[in-house]
Amino acid sequence: MRDLGAGFRYLLAGQRWVARHGRQFGFGLLPGLITLVLYGAALVALALWGEDLVTWATPFADDWSSPWSGLFRGFLTAVLFALGLLLSVLTFTAVTLLVGQPFYESLSEKVDRDVSPDGTAPESNLPLLRELWISARDSLRIVVRALVWAVLLFALGFVPVLGQTVVPVIGFLVTGFFLTEELTAVALQRRGVEVRERLGLLRSRKTLVWGFGTPLAVAFLVPFVAVFLMPGAVAGATLMARDLLGEETAGEGAGMSEEGVSP
């Protein structure tokens, strides 16, 4: 249970760090704002033309008697929008990090230097295009895994009682795990940690990951909140990545690293 609290404290520590470094916070807002506009436009388009898309995709229902055709297509339209909304939540972080790779990479490095005892930060020394390619490739792998879980949980959501109680909780835990993977990837990729190793590290400290990612997943459901929390989330994830790798941390996050020792 100590890890659960430590994960949440890393999230708060990241928000405090960007609050003290206003310039980094300002730059960190830009990728989230760009992504929010793109996702907002896509969801509005889905709301406006989703029914037309469903009607086009279900010509077999044209001859159904009223009201079954309308009810069936209305249900499918609602499901389509719900899936679009779920997909936007699951992929928002990955797309924002990809759009803002240079911004978040710089922010993460500054956090490392700030809390490192010797004032240094690991550097990838890779060209920007190579880093973008690796980030896009790894993000796609994670999004595919997340979508498999999303489809499974969506289907289980129709199970009476279970779908309205247990499944939403599991959904937030799963979403929190994948959000944390994407956020810690900024610091871990710079250290040359491959995606499989990253997943192994996170699975070895699930309660730490849930303490960090699950509150973030809940907060991301509120419009605009994700944009303002992203810079601090990257900073907090950098602190947590140091903990996962057993790196010494001074100043911000040092106490949490000691409390969040692996069992």
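The model shown is predicted, which means the values in this text are computed figures rather than measured ones. All values below were derived from every heavy atom in this structure, side-chain atoms included, with hydrogens, water molecules and symmetry-related copies excluded.
- Side-chain N or O atoms of Ser106 include none that pairs as donor or acceptor with a backbone N or O of Phe103 at under 3.5 Å.
- Taking every heavy atom of both residues into account, Gly28 and Tyr104 meet most closely at O-OH, 2.9 Å.
- At least one side-chain heavy atom of Phe228 sits under 4.5 Å from a side-chain heavy atom of Leu29.
- We find the CG-CG distance between Leu33 and Leu38 to be 11.0 Å, quoted to the nearest 0.5 Å.
- Linking ILVMFWY residues whenever their side-chain heavy atoms come closer than 4.5 Å, directly or via other members, leaves Val151 and Val79 in distinct clusters.
- When all heavy atoms of Asp138 and Gln189 are compared, the pair lying nearest together is OD2-OE1, 4.3 Å.
- For Arg191 and Asp112, the salt-bridge test passes: some basic side-chain N is under 4.0 Å from an acidic carboxylate O.
- Phe220 and Val169 end up in the same hydrophobic cluster when Ile, Leu, Val, Met, Phe, Trp and Tyr side chains are linked at under 4.5 Å.
- The main-chain N or O of Val193 is found under 3.5 Å from a side-chain atom of Arg198 such that the two form a donor-acceptor pair.
- For the 3.5 Å distance criterion, the side chains of Arg113 and Thr120 fail to qualify, holding no donor opposite an acceptor.
- Arg16 places no side-chain N or O within 3.5 Å of a backbone atom of Gly232 that could act as its donor or acceptor partner.
- Between Arg242 and Glu248, the shortest heavy-atom distance links the atoms NH2-O, 2.6 Å.
- Heavy-atom minimum distance, Ala217 versus Thr175: CB-CG2, 3.8 Å.
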Requested in this report: Test Leu208 against Leu244 for side chain to side chain contact (heavy atoms under 4.5 Å, CB included), laying out the working first.
Outcome: CA-CA 9 Å; Leu208 180 71; Leu244 289 169; 4.0 Å; yes

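- Put simply, the side chain of Leu97 reaches to within 4.5 Å of the side chain of Val234, judged on heavy atoms.
- The shortest side-chain heavy-atom distance between Arg205 and Asp243 falls under the 4.5 Å cut-off.
- One distance of note links CZ of Phe172 with OG1 of Thr214; it measures 9.0 Å at 0.5 Å rounding.
- Leu201 CG to Arg196 CZ: the interatomic distance, rounded to the nearest 0.5 Å, is 14.5 Å.
- When hydrophobic clusters are built by joining Ile, Leu, Val, Met, Phe, Trp and Tyr residues whose side-chain heavy atoms come closer than 4.5 Å, directly or via intermediates, Leu140 is not grouped with Leu98.
- Summarising the geometry, atom CZ belonging to Phe75 is positioned 11.5 Å from atom CG belonging to Leu80; distances are rounded to the nearest 0.5 Å.
- Note on Leu245: it does not cluster hydrophobically with Phe212, by side-chain heavy-atom contacts below 4.5 Å among ILVMFWY residues.
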Requested in this report: Show your reasoning for whether side chain to side chain contact (heavy atoms under 4.5 Å, CB included) applies to Thr180 and Trp210.
Outcome: CA-CA 8 Å; Thr180 304; Trp210 289 333; over 6 Å; no

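- No chain of hydrophobic side-chain contacts below 4.5 Å, direct or via other Ile, Leu, Val, Met, Phe, Trp or Tyr residues, connects Val167 to Val148.
- In plain terms, the two heavy atoms of Val18 and Phe25 that are nearest each other are O-CB, 3.6 Å.
- Partners of Arg137 according to the salt bridge (Lys or Arg N to Asp or Glu O under 4.0 Å) rule, which considers only residues two or more places apart in sequence or in another chain, are Glu194.
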Requested in this report: Using the side-chain hydrogen bond (donor to acceptor under 3.5 Å, both in side chains) rule, take Arg190 and Ser108 through it: C-alpha gap first, then chi angles, then the decisive distance, then the call.
Outcome: CA-CA 9 Å; Arg190 184 158 37 85; Ser108 179; 2.5 Å; yes

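- Residues Thr58 and Phe60 meet the side-chain proximity criterion, which asks for heavy atoms closer than 4.5 Å.
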Requested in this report: With side chain to side chain contact (heavy atoms under 4.5 Å, CB included) as the test, would you mind laying out the steps for Thr96 and Glu182 before giving the verdict?
Outcome: CA-CA 10 Å; Thr96 302; Glu182 289 287 354; over 6 Å; no

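- Within 6.0 Å of atom CD in Gln15, more than 12 heavy atoms from other residues, nucleotides or ligands are found, so the atom counts as buried in its surroundings.
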Report task. Let me see the working for Arg73 and Asp62 under salt bridge (charged side-chain N to carboxylate O under 4.0 Å, His left out), right down to the final yes or no. Result -> CA-CA 10 Å; Arg73 284 172 169 163; Asp62 289 343; 2.5 Å; yes

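- More than 12 heavy atoms of other residues, nucleotides or ligands sit less than 6.0 Å from atom CZ of Phe72.
- A salt bridge does not link Glu181 with Arg141: none of the charged nitrogens is closer than 4.0 Å to a carboxylate oxygen.
- To the nearest 0.5 Å, the span separating CG on Leu183 from CG on Leu188 amounts to 11.0 Å.
- Rounded to the nearest 0.5 angstrom, Leu199 CG and Glu197 CD are separated by 10.5 Å.
- Across all their heavy atoms, Trp64 and Ser69 have their closest contact at CB-CB, 3.9 Å.
- Taking the side chain as every heavy atom from C-beta outward, His21 and Asp114 approach each other to under 4.5 Å.
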Query raised in the report: Thr238 and Glu109: side chain to side chain contact (heavy atoms under 4.5 Å, CB included), yes or no, with the steps?
Result: CA-CA 9 Å; Thr238 301; Glu109 282 190 28; over 6 Å; no

